[in-house]
Amino acid sequence: MYPTKYAGLHCLPNVEETSGLEMDLVAQFPESLTFLRKQIRDFARKHFDFTIIDNPPNMGIFVANSLYASDMVIVPIDTGSFYSIDGLRKARELISSVQTSGNPELKFLRLLLNRLDMRKGISRMIFEDVGEWFNQEELFKTSIPFNSLFQESEYERKTIFDYKPKSRSAQAYQKLAKEVVGLCESEFGE
């Protein structure tokens with residue numbers, strides 16, 4: 001775990017060696033589902049106010065491990081892809097399964113509309129469908145806009161806050177962070 005240039009923010013980066021862990025975790029299934037929980041949960045709770053585990057957009061063993069280790073889950077939905085609707089259904093099923101089989105404390109915090117571009121038909125359709133399928137308490141008020149600045153900042157190996165701190169994208173993430181903190185305070189009294 002490494003401190004970052006931001007006060008109070010630490011990072012445990014993904015390294016090349018972790019890609020080889022997947023086969024080991026699959027071979028040790030189902031005991032491996034709680035590997036991350038056993039390794040970091042108590043430490044994280046003791047030393048940090050928030051621990052965020054970022055996952056790839058799949059339903060693999062790393063995602064399952066993260067759900068077993070977590071108190072809550074944010075499900076992002078890519079409003080630029082029809083396939084994200086199918087992924088959303090599968091994510092909700094996996095969350096329910098983990099709640100039933102080993103982490104009853106896991107809460108679905110909210111659904112996050114990501115890469116939202118209301119100029120595009122697919123974004124508008126997904127936005128409207130999600131609004132019909134979910135009640136407002138299941139959706140973040142904040143959405144993340146589609147913006148090429150994310151790709152540019154990644155190319156420059158900078159965060160969006162270092163690359164374009166006053167951009168609409170950076171402001172959306174700041175607004176989202178405040179919303180998450182507020183929800184956690186009201187939900188968990190933290």
Side-chain angles (χ1 to χ4, degrees), residues 4-6 9 11-14 18-19 49-67 70-98 106-187:
T4 67
K5 69 180 186 174
Y6 303 101
L9 180 65
C11 182
L12 181 60
N14 192 6
T18 59
S19 63
D49 295 328
F50 291 91
T51 301
I52 298 172
I53 305 171
D54 186 24
N55 285 290
N58 64 40
M59 298 296 133
I61 192 90
F62 291 131
V63 172
N65 246 275
S66 296
L67 292 174
S70 297
D71 294 319
M72 65 186 86
V73 60
I74 295 171
V75 178
I77 181 168
D78 181 347
T79 63
S81 171
F82 163 77
Y83 295 108
S84 62
I85 296 292
D86 191 41
L88 174 59
R89 183 184 53 77
K90 290 176 184 173
R92 293 296 298 255
E93 289 171 3
L94 179 59
I95 291 165
S96 180
S97 174
V98 168
L106 181 65
K107 291 182 177 20
F108 171 75
L109 186 61
R110 295 282 190 281
L111 179 67
L112 174 64
L113 295 171
N114 193 24
R115 296 173 38 99
L116 184 62
D117 185 349
M118 294 302 274
R119 298 171 300 176
K120 296 184 179 178
I122 187 68
S123 276
R124 286 192 308 273
M125 288 187 289
I126 291 173
F127 179 82
E128 290 169 9
D129 286 347
V130 167
E132 290 176 20
W133 299 337
F134 295 91
N135 62 49
Q136 292 303 308
E137 292 78 40
E138 295 178 294
L139 301 170
F140 279 106
K141 292 175 185 162
T142 306
S143 60
I144 305 300
F146 174 81
N147 196 321
S148 62
L149 290 178
F150 290 121
Q151 290 88 0
E152 291 172 22
S153 65
E154 182 181 330
Y155 181 79
E156 295 291 332
R157 298 187 181 273
K158 294 180 178 182
T159 69
I160 193 68
F161 304 107
D162 290 330
Y163 186 65
K164 296 283 183 181
K166 299 205 184 299
S167 68
R168 196 169 58 107
S169 304
Q171 290 173 2
Y173 270 109
Q174 289 171 335
K175 187 176 175 186
L176 176 64
K178 288 177 183 174
E179 189 175 351
V180 169
V181 169
L183 288 168
C184 290
E185 287 174 346
S186 65
E187 183 81 20

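The figures that follow rest on heavy atoms only: side chains count, while hydrogens, waters and symmetry mates do not.
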Closest heavy-atom pair, Ile95 versus Phe108, reported as atoms and distance to 0.1 Å, is CD1-CD1, 4.1 Å

Side-chain heavy-atom pair Leu116, Pro145 within 4.5 angstrom cut-off: no

So, Ser66 side chain and Ile53 main chain: donor-acceptor pair closer than 3.5 Å or not? no

With distance as the sole test, does Glu128 use its side chain to make a donor-acceptor pair with the main-chain N or O of Met125 at under 3.5 Å? no

Taking atom CZ of Phe161 and atom OG of Ser153, what is their separation to the nearest 0.5 Å? 10.0 Å

Count the heavy atoms belonging to other residues, nucleotides or ligands that lie under 6.0 Å from CD of Gln136, then report whether that count exceeds 12. no

Test your reading of the model: is there a side-chain donor-acceptor pair from Ser167 to the backbone of Ala170, 3.5 Å cut-off? yes

Kindly give the heavy-atom pair with the smallest separation between Phe140 and Val180, and that separation in Å. CE2-CG2, 3.7 Å

Step by step, work out the side-chain contact (heavy atoms from CB on, under 4.5 Å) result for Phe82 and Ile126. CA-CA 8 Å; Phe82 163 77; Ile126 291 173; 5.5 Å; no

Let's go through Ser70 and Lys107 carefully: what are the C-alpha distance in whole Å and the side-chain angles of both, what is the deciding distance for side-chain contact (heavy atoms from CB on, under 4.5 Å) to 0.1 Å, and is it a yes or a no? CA-CA 9 Å; Ser70 297; Lys107 291 182 177 20; over 6 Å; no

Between the CG atom in Leu113 and the NZ atom in Lys141, the distance rounded to the nearest 0.5 Å is 14.5 Å

Can Glu179 and Lys175 be counted as an ion pair, charged N to O under 4.0 angstrom? no

Heavy-atom pair with the smallest gap, counting every atom of Phe146 and Arg168: O-NH2, 3.6 Å

Please evaluate residues Leu106 and Asp71 with respect to the criterion side-chain contact (heavy atoms from CB on, under 4.5 Å), reporting the C-alpha separation (whole Å), side-chain torsions for both, the decisive distance (0.1 Å), and the verdict. CA-CA 5 Å; Leu106 181 65; Asp71 294 319; over 6 Å; no

Say whether, by atom type as modelled, one donor and one acceptor occur between the side chain of Arg124 and the main chain of Met118 under 3.5 angstrom. yes

Can you establish whether the number of heavy atoms outside Glu152 located under 6.0 Å from its atom CD is more than 12? yes

Distance from Leu111 atom CG to Ile74 atom CD1, nearest 0.5 Å? 10.5 Å

What is the distance from atom CG of Asp86 to atom CZ of Arg89, rounded to the nearest 0.5 Å? 4.5 Å

Closest heavy-atom pair and its distance - Ala172, Thr142: O-CG2, 3.4 Å

Distance from Thr79 atom OG1 to Ile85 atom CD1, nearest 0.5 Å? 9.5 Å

Can you confirm whether more than 12 heavy atoms, excluding those of Phe127, are under 6.0 Å from its CZ atom? no

Checking side-chain contact (heavy atoms from CB on, under 4.5 Å) for the pair Leu112/Ile77: CA distance, chi angles, key distance, verdict? CA-CA 6 Å; Leu112 174 64; Ile77 181 168; over 6 Å; no

Quick test of your reading of the model: are Lys164 and Glu156 salt-bridged, counting only N-O distances below 4.0 Å? no

Charged N to carboxylate O under 4.0 angstrom, Lys5 versus Asp162? yes

If every non-hydrogen atom of Ser81 is compared with every non-hydrogen atom of Ile122, which pair is closest and at what distance? N-CG1, 4.3 Å

Find the distance between CZ (Arg110) and CG (Leu183) and round it off to the nearest 0.5 Å. 4.5 Å

What's the verdict on side-chain hydrogen bond (donor to acceptor under 3.5 Å, both in side chains) for Ser123 and Asp117, showing C-alpha distance, side-chain angles and the deciding distance? CA-CA 6 Å; Ser123 276; Asp117 185 349; 6.0 Å; no

May I ask you to check whether Tyr173 and Phe150 place their ring centres under 6.0 Å from each other? yes

